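A short write-up of the structure that comes next.
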Amino acid sequence: MKFYNTFSRKKEDFIPINKNEVKLYSCGPTVYNFAHIGNFRSFIFVDILKRYLQFKKYEVKHVMNITDVDDKIIKKCHIENLSLKEYTNKYQEAFFNDLEKLNIQEADVFPKATDHISEMVELIKKLLKKGIAYKTADGSIFFNISKFPEYGKLQKLNVDQMKKGERVETDEYNKDSVYDFALWKGYKPEDGDVFWETEIGKGRPGWHIECSAMSGKYLGKTFDIHTGGVDLIFPHHENEIAQSEGANGQKFVNYWMHCEYLGLKDSKMSKSLGNTVFIKDLLEKNYSTRAIRFVLLSVHYRQKLNFSTEQLDIAEKTLKKFDDFIYELQNVEMTNIKNEKIVNYTKEMLEEFEKMMDDDLNISASLGAVFTFLKKVNKFKINNKLSNLDKKNIIKSLKKIDSVLGVIFVEKTLGIDTVHMEEKLQTLKISEDEIEEKIEARNEARENKNWAEADRIRDELLNMGIELLDRKEGTTFKLKS
RNA sequence: GUCGGUAUAUCCAAGUGGCUUAAGGAGUCGGUCUGCAAAAUCGAUAUCAUGAGUUCGAAUCUCAUUACCGACUCCA
């Protein structure tokens, strides 16, 4: 299995520190607003990565931080006259809600910055002691990049040649160098009640220190994979490396994996540009959460993705294809002979899927293998040449695929004609018998070549969300997904 | 200024030297099936941005050109 490591800018064989275990840290949300679909793209990337590692039988220990204190949050709190907790709780809840909707597996730990002040203070003390950090007159503490010669090694930038003009930094913090960054921000009156009294003074943590402190606490000084959006490479991840390696004197992260932007009409989507799309916006337009998930996962994570509702339409169609495929497996007349070809198809599909995913999560090629599989199996289905054994085999392999993709919902689709169907019909106030009666009436009309009546009945049912399928063996129905 | 990325059909998107006379999905056109649709199925739809070079052989490597995008400021 190979992953592209931002650090080396190359695909590298993945070798975890401990044989069957992967320690994974992901930069999570800053809860000062709802997370937009661009944010969720990177969280879905992590989800696919994590699920695939599990698919490969690794035990994954996953930590995702929640940033619940920073400049923007404090500002907003004051505007809305809420306490830090009141303000952030709302968005935190919304975040978890959206995670669930998008079928994103929860991390093992979601540490919050405000719960780990003491760990951050410890780390800063260590840096002060080593002389890599310094305190300024206003009580702030900065990281001194000149004491960490490797600074810039992730982003591959040369500090001396960086553009300096644009960086408008006021002198409020009295930094030695403009590139020194804050570990701790000394208290200022406008911070209001957002401060901590600590050994290193009264104030609040800088943004970067939380990830170093919390990853260290939950995953150790060196861990396997660190993820985030490409926009975090610099300065955030660069600074994390400086902090952690500066304090611990050992390698921080073995594999850095970064997710590309999601864009809208050729511009990147970000909160600061104000061109954001939220999950709820799309749900209001009646798109399903699984279609959203599908769009976000179907483009390779290192490829820019230009989001559009057209892609959602295609995704809905694609998912319907899966649903129909699985659903119709039940209607096929089953023989009892195991079909060698089907055995081969499933085997080939799973092998191809794994081979492609092993290559830095090449999801497009993996999905290609799945679609090719559907096509091949459909040919058999059409001729009623499937056995129960084949069916089991097919379902089993799709479930396996979906343990990674998380969008096909094999079980749920198979359950349509039992629990789900009953519930749905109840809300539609129609019984299965009544549907059968209508189908019969329609078939009678069809025999009499009364097409108008036949189509009327079909449309009537379709409007209720019941779709008729005319097959050689007769007419069946299913719920429209 | 210093670094970096991308360019494949109408659209999305695999493919990084021969297994590809370029996967897969969507669209469009035309068959099969159907009363007609839907679904399924078969077929059609690409001189791989441009120019030069390396090679027995290039979408794939090298150089140049053009276009777009990004980092160096908060951002997933």
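Nothing here was measured: the structure is a model prediction, and the numbers come from that model. First the proteins, then the strands, lettered A, B, ... as listed; each starts at 1.
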What contact category does T372(A) fall into here, base, sugar-phosphate, or nothing, at under 4.0 angstrom with non-hydrogen atoms?
sugar-phosphate

Measure from the ring center of Y345(A) to the ring center of F373(A) and say whether it is less than 6.0 Å.
no

Donor/acceptor link under 3.5 angstrom from N306(A) side chain onto base of C11(B):
no

A23(B), G35(B), G70(B): which one has an atom nearest the side-chain heavy atoms of R446(A)?
G35(B)

Residues forming a side chain to side chain contact (heavy atoms under 4.5 Å, CB included) with E150(A), sequence neighbours excluded:
F148(A), K153(A), E245(A)

Suppose you measure atom P in A46(B) against the same atom in A23(B); what distance do you get, rounded to whole Å?
11 Å

Indicate whether any N or O donor in one side chain lies under 3.5 Å from an N or O acceptor in the other, for S244(A) and S212(A).
yes

For H300(A), answer base if it contacts any base atom (sugar-phosphate contacts may also be present), sugar-phosphate if it contacts only those atoms, and nothing otherwise; contact means non-hydrogen atoms under 4.0 Å.
sugar-phosphate

C1' atoms of C11(B) and C72(B), separation to the nearest Å
34 Å

Is any N or O donor-acceptor pair between the side chain of D470(A) and the base of A37(B) shorter than 3.5 Å?
yes

Between D13(A) and K2(A), is the closest basic N to carboxylate O distance under 4.0 Å?
yes

Does F371(A) lie flat on the base of G25(B), that is, centres under 5.5 Å apart and planes under 30° off?
no

Which parts of residues 35-42 of chain A get close to RNA chain B, meaning a heavy atom less than 4.0 angstrom away?
H36(A), G38(A), N39(A), S42(A)

Quick one: which of G4(B), U73(B), A39(B) gets closest to the side chain of R9(A)?
G4(B)

Touch class at under 4.0 angstrom, heavy-atom based, for R458(A) against every strand present
base

Are the charged groups of D470(A) and R442(A) less than 4.0 angstrom apart, N to O?
yes

Donor-acceptor pair under 3.5 Å, K156(A) side chain vs C3(B) base
no

Base, sugar-phosphate alone, or nothing: which one does D313(A) contact when heavy atoms must sit under 4.0 Å apart?
nothing

With RNA chain B as reference, determine whether V299(A) or T318(A) sits nearer its 5' end, using the nearest nucleotide of each.
V299(A)

K280(A) atom NZ, neighbour heavy-atom count above 12 within 6.0 Å:
yes

Under-4.0 Å salt bridge between E460(A) and R456(A):
yes

Proximal nucleotide (of A14(B), A76(B), A71(B)) relative to the D231(A) side chain
A76(B)

Check if the side chain of N450(A) and the base of G35(B) share a donor-acceptor pair of N or O atoms closer than 3.5 Å.
no

Identify, between A454(A) and E310(A), the residue whose nearest nucleotide on RNA chain B lies closer to the 5' end.
E310(A)

Between K50(A) and D47(A) (salt bridge meaning N to carboxylate O under 4.0 Å), is one present in this structure?
no

Quick one: label Q303(A) by what it contacts on the DNA or RNA (base, sugar-phosphate, nothing), any heavy atom closer than 4.0 Å.
sugar-phosphate

Looking only at A26(B), A71(B), A38(B), the nucleotide nearest the L469(A) side chain is A38(B)

Among the nucleotides C36(B), A38(B), A14(B), which one has an atom lying closest to any side-chain atom of R442(A)?
C36(B)

With the side chain defined as heavy atoms from C-beta on, F234(A) is closest, among A71(B), C42(B), G27(B), to A71(B)

Under a 3.5 Å limit on both distances, the Watson-Crick or wobble mate of A64(B) is U50(B)

Given C74(B), A76(B), C12(B), which nucleotide is nearest the side-chain atoms of Q311(A)?
C12(B)

